[in-house]
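In what follows, chains are A, B, ... by sequence order, proteins preceding strands, each numbered from 1. Keep in mind that this is a model prediction, so the values were computed, not measured.
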Number of protein chains: 2
Amino acid sequence: MVPSIPVSVDLVVLTVRNQALSALVWRRDNPPFLRRWSLSGGFIQLDEDLPAAAHRILSERAGLPGAPVHLEQLQTYGYPDRDPRQRVLSVAYLGLAPDLPASEKAHMSWQPVDSLLVMAFDHRRIMLDGVERARAKLEYTSLGAAFCPPEFTVADLRRVYEIVWGRPLDPRNFHRKVTKAEGFLVETGETTTRDGGRPAKLYRRGPAELLHPPMLRSLKE
Amino acid sequence: MVPSIPVSVDLVVLTVRNQALSALVWRRDNPPFLRRWSLSGGFIQLDEDLPAAAHRILSERAGLPGAPVHLEQLQTYGYPDRDPRQRVLSVAYLGLAPDLPASEKAHMSWQPVDSLLVMAFDHRRIMLDGVERARAKLEYTSLGAAFCPPEFTVADLRRVYEIVWGRPLDPRNFHRKVTKAEGFLVETGETTTRDGGRPAKLYRRGPAELLHPPMLRSLKE
DNA sequence: ACAAAAGTGTTTTCTGTACACCCATGG
DNA sequence: CCATGGGTGTACAGAAAACACTTTTGT
């Protein structure tokens with residue numbers, strides 16, 4: 001006799017907007033945890049792969065169909081009473097998104113992660129694990145660009161790092177680091193036009209996934 | 001209607017023995033995959049936490065009750081046909097163990113990971129993910145000591161690194177790095193006695209979990 | 001001309017690497 | 001005394017940090 005358990009996929013979708021690292025959450029309109037903030041999630045279908053389920057929930061529940069969101073598995077949460085109604089195992093996925101127009105879905109919104117002090121179920125724990133994963137990955141991968149639109153400037157990318165890490169970075173050294181890193185950025189040839197200041201070159205994401213040597217955040221705390 | 005799925009916990013238990021990074025595996029004695037190497041695993045009980053299940057399987061199935069094994073969640077594998085009989089979701093755990101006496105269990109043995117070219121189910125994929133996680137974690141954590149007995153020398157620890165990474169390290173620079181790292185090692189005051197050579201100081205694991213700055217393996221390939 | 005932001009050069013400091021050398025033991 | 005492995009000192013190279021400075025736009 002093999003025990004079976006309902007399995008859900010929950011998404012920690014993060015973006016950078018209004019100078020804050022923010023998560024995509026919705027206000028529950030049903031018990032339990034009525035009116036608490038909650039991650040988007042849903043039960044996995046019987047013949048569905050885990051990444052497929054994550055993409056489906058991103059479209060159907062999170063209201064971001066077709067958006068350029070980087071998705072990766074985060075962790076699985078399984079202690080028996082995390083849902084008071086019945087035992088549910090939850091496979092969490094982390095999503096990194098550019099600053100998209102707010103989701104169409106009712107009750108869905110981007111909220112700064114620092115403001116999400118109470119959430120439904122163990123969703124705050126899951127969200128914090130996702131935030132820590134994102135912070136760590138900026139150190140040694142080129143994933144920071146996943147928070148940027150398709151074309152962006154070095155300063156845009158630096159602001160992403162500064163907001164995610166919550167600390168200022170030297171613009172000059174940051175510029176050198178990311179432009180010298182093999183395969184991180186590709187010049188488009190275009191430049192921005194803004195009011196005041198020299199126009200900045202526009203870049204696209206390069207093919208490199210890893211940043212070597214890494215950009216360490218922890219030296220000066 | 002909520003679909004339920006059987007959930008198993010599978011263990012990638014690694015150790016360093018006979019100059020080789022080795023995994024704890026058993027030869028299957030039932031179809032499917034009769035006589036193929038397989039990770040130890042088992043179904044999760046209905047009221048059991050995931051870490052509790054991992055420890056239970058380490059005792060009951062892997063045959064290592066009470067052993068000082070570092071266990072951490074690795075990843076969850078869920079594509080529908082990974083078990084040909086029925087869909088099973090598998091939460092994999094990574095275990096790092098010192099060179100223990102071989103398990104008492106029948107069919108259980110330590111096998112060099114390089115020799116495990118074909119395995120049951122997707123267990124080779126899972127094992128390789130565990131090996132890569134272990135290799136990466138040696139870079140920026142003090143987990144290498146989990147492969148050592150309670151008391152060990154700097155050279156013991158260096159051999160762990162060399163075997164896990166498959167590359168020689170400079171003994172002098174390695175010594176400086178790990179002894180200078182805050183909280184990595186604690187002197188016991190004892191020294192080894194061996195045939196030939198100056199006796200080495202014995203150390204225990206220190207309180208630090210992270211190694212900062214990290215010891216990068218990838219600079220010279 | 002001036003402000004503002006982009007981008008470059010230069011100096012200092014730190015850390016990793018390579019390797020010469022000394023230390024403590026067994027035989 | 002010598003072999004063997006443990007442990008230290010030192011010089012060099014590369015990267016990070018700090019910051020002066022030049023470039024290119026809008027007003």
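Rounded to a whole Å, the CG atom of B:L157 is 15 Å from the C1' atom of D:dG7. In this structure, CG of A:L169 is placed 13 Å from P of D:dA16, rounded to the nearest angstrom. The interatomic distance linking A:E190 (CD) with D:dT25 (P) rounds to 14 Å, in whole Å. Distance CZ (A:F152) to C1' (C:dA6): 16 Å, rounded to an integer number of Å. The separation between A:F174 atom CZ and C:dT8 atom P is 14 Å, rounded to whole Å. What separates CD of A:E162 from P of C:dA5 is a distance of 13 Å, to the nearest Å. If you measure from atom CG of B:L185 to atom P of D:dG6, you get 14 Å, rounded to the nearest angstrom. Following rounding to the nearest Å, A:H212 (NE2) and D:dG14 (P) show an atom-to-atom distance of 14 Å.
Residue pairs that meet the ring pair (Phe, Tyr, Trp, His ring centres under 6.0 Å) test with at least one member in residues 116-142 of chain A, sequence neighbours left out, are A:F33-A:F121, A:F121-A:H123.
Of the listed nucleotides (D:dG6, C:dG7, D:dT8), D:dG6 has the atom at the smallest distance from the side chain of B:R158. Comparing C:dA6, C:dC21, C:dG9 against the side chain of A:R172 picks out C:dG9 as the nearest. If you check D:dG5, D:dT25, C:dG7 against the side chain of B:R198, the one that comes closest is D:dG5. Side-chain atoms of B:V154 lie closest to D:dG7 of the nucleotides D:dG6, C:dG7, D:dG7. In this structure, of D:dG6, C:dA6, C:dC19, it is C:dC19 that holds the atom nearest to the side chain of B:D170.
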For residues 63-74 of chain B, run the donor-acceptor check on the side chains, cut-off 3.5 Å, and write out each pair with its distance to 0.1 Å, sequence neighbours left out.
{"residue": "B:H70", "atom": "NE2", "partner": "B:E72", "partner atom": "OE1", "Å": "2.8"}
{"residue": "B:E72", "atom": "OE1", "partner": "B:K137", "partner atom": "NZ", "Å": "3.2"}
{"residue": "B:E72", "atom": "OE2", "partner": "B:R133", "partner atom": "NH1", "Å": "2.8"}
{"residue": "B:Q73", "atom": "OE1", "partner": "A:T76", "partner atom": "N", "Å": "2.8"}
{"residue": "B:Q73", "atom": "NE2", "partner": "A:T76", "partner atom": "O", "Å": "2.9"}

Atom pairs and distances, donor-acceptor, side-chain atoms in residues 197-210 of chain A, under 3.5 Å, two or more places apart:
{"residue": "A:R204", "atom": "NH1", "partner": "A:E151", "partner atom": "OE2", "Å": "2.6"}

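Remark: A:P51 pairs with A:D49, A:Y93 by the side-chain contact (heavy atoms from CB on, under 4.5 Å) rule, at least two apart or across chains. For A:Y161, the ring pair (Phe, Tyr, Trp, His ring centres under 6.0 Å) criterion is met by A:W165, A:F174, not counting sequence neighbours.
Taking side-chain N and O atoms only, B:H175 has no distance below 4.0 Å to OP1 or OP2 of D:dG6.
Checking B:D99 against B:T15 by side-chain atom types alone, no donor-acceptor pair falls below 3.5 Å.
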Contact list (N/O, under 3.5 angstrom) for nucleotides 10-14 of chain C vs protein:
none

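Within 6.0 Å of CD on B:E132 lie more than 12 heavy atoms contributed by other residues, nucleotides or ligands.
The residue among B:P199 and B:M215 whose nearest nucleotide of DNA chain C lies closer to the 5′ end is B:M215. Positionally, the nearest nucleotide of DNA chain D for B:D156 lies more toward the 5' end than for the other of B:D156 and A:K177.
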